[in-house]
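Worksheet: the structure to be examined is printed underneath.
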Amino acid sequence: MTTTWIPGEGGLPKLQLHHKNGATAEVYRHGAHVTSWKTSGDKEQLFLSAATPFKKATPIRGGVPIVFPQFGNFGPLVPHGFARIMDWDIADHRENAVTLRLQNSAETLAVWPHPFEALYEVRVEEKTLSLTFTVKNTGESPLSFHSALHTYFRVDDIHKAQLLGMKGVSYKDRLSGQSDLVHGEETFSFTGETDLIVPKAPDLLTLSEGGRKLDIAKNGFPDAVIFNPWITKGASLTDLEKDGYLRMVCVEAALVVEPKTLAPGQSWKGSQILTLRS
Ligand code: TA6
């Protein structure tokens, strides 16, 4: 299939994926960034800030930023690593799926002296969006990295949104620094700034809001991150639309507690699989 990049926001190239039953997704070459996912006849499932820039070397606020090879400021690289601000190339493209590739370059080697190949498959089915991230060590020495699919989900009102599947889940609160906290309820509600790292997180959580149930499954990624900036931090993010915290929640498939180390020639794969159940 010939690939048709079309001009997206800011003139940045994007492509659209279509499933025969009407589901769609959009992916930018910049950061291999998924910015939209709609199931047939339903609303947009991802949050994309109306104030986000679309320009080179700048992260997009919303959709699914790819975090690689560093999480946050857990190292010397730009926050969340360079993958989300570099142009990826197409390795394979079908009507409802695309695989994008990022390899080491003079630019990456200058800041991270490791040969690598990253592949990212985005696949849209009738009610499911599958995101699969693969890293291969193409160098001669071990390679260690963090990663996450930093997914921003759209909600109508954060006060009415809940995460299901949280009973007994242990987490670190990055705001207080407290670790080994345990959530006692099946449901998790949002009442303020939230920035949690969940080691060995459940492989299935569900975003619930009114009648909507969106399953957030993962494999390969051991951890999860749950984030909402709330009022004050939200207002400090210049690329987050006014009161954007009300309409978003990040539930991230993550490899952040322990870095993954690959021997030369070894690969690692992680996925986040999103299914709109109702
Ligand atoms: O994943 C949660 C987090 O690390 C938060 O601490 C917050 O910084 C968020 O990521 C957004 O990071 P960004 O660099 O995209 O502003």
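Just follow the structure's listing: the first ligand is 1, and inside any ligand the first atom is 1. Numbers here simply count residues along the sequence, with the first being 1. Because the structure is a prediction, the values reported are computed rather than measured.
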What short N/O contacts, under 3.5 Å, does ligand 1 make with the protein, listed by atom pair and distance?
residue	atom	partner	partner atom	Å
ligand 1	1 (O)	His150	NE2	3.0
ligand 1	1 (O)	Glu252	OE1	3.2
ligand 1	1 (O)	Glu252	OE2	2.8
ligand 1	4 (O)	Arg174	NH1	3.1
ligand 1	6 (O)	Arg174	NH1	3.4
ligand 1	6 (O)	Asp195	OD2	2.6
ligand 1	10 (O)	His80	NE2	3.1
ligand 1	10 (O)	His150	NE2	3.0
ligand 1	12 (O)	His80	NE2	3.3
ligand 1	14 (O)	Arg84	NH2	2.9
ligand 1	15 (O)	Arg61	NH1	3.3
ligand 1	15 (O)	Arg84	NH1	2.8
ligand 1	16 (O)	Arg61	NH1	3.1
ligand 1	16 (O)	Arg61	NH2	2.9

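- Lys127 and Asp42 are joined by a salt bridge, as a carboxylate oxygen and a charged side-chain nitrogen come within less than 4.0 angstrom of each other.
- For the 3.5 Å distance criterion, the side chains of Thr206 and Asp215 qualify, holding a donor opposite an acceptor.
- Under 3.5 Å, the side chains of Arg101 and Tyr120 contain no donor-acceptor pair of N or O atoms.
- Atom NZ of Lys14 has more than 12 neighbouring heavy atoms from other residues, nucleotides or ligands inside a 6.0 Å radius.
- Residues passing the salt bridge (charged side-chain N to carboxylate O under 4.0 Å, His left out) test with Lys43, sequence neighbours excluded: Asp156.
- Comment: Arg154 does not engage Glu44 in a salt bridge, judged by the lack of any side-chain N to carboxylate O separation of less than 4.0 angstrom.
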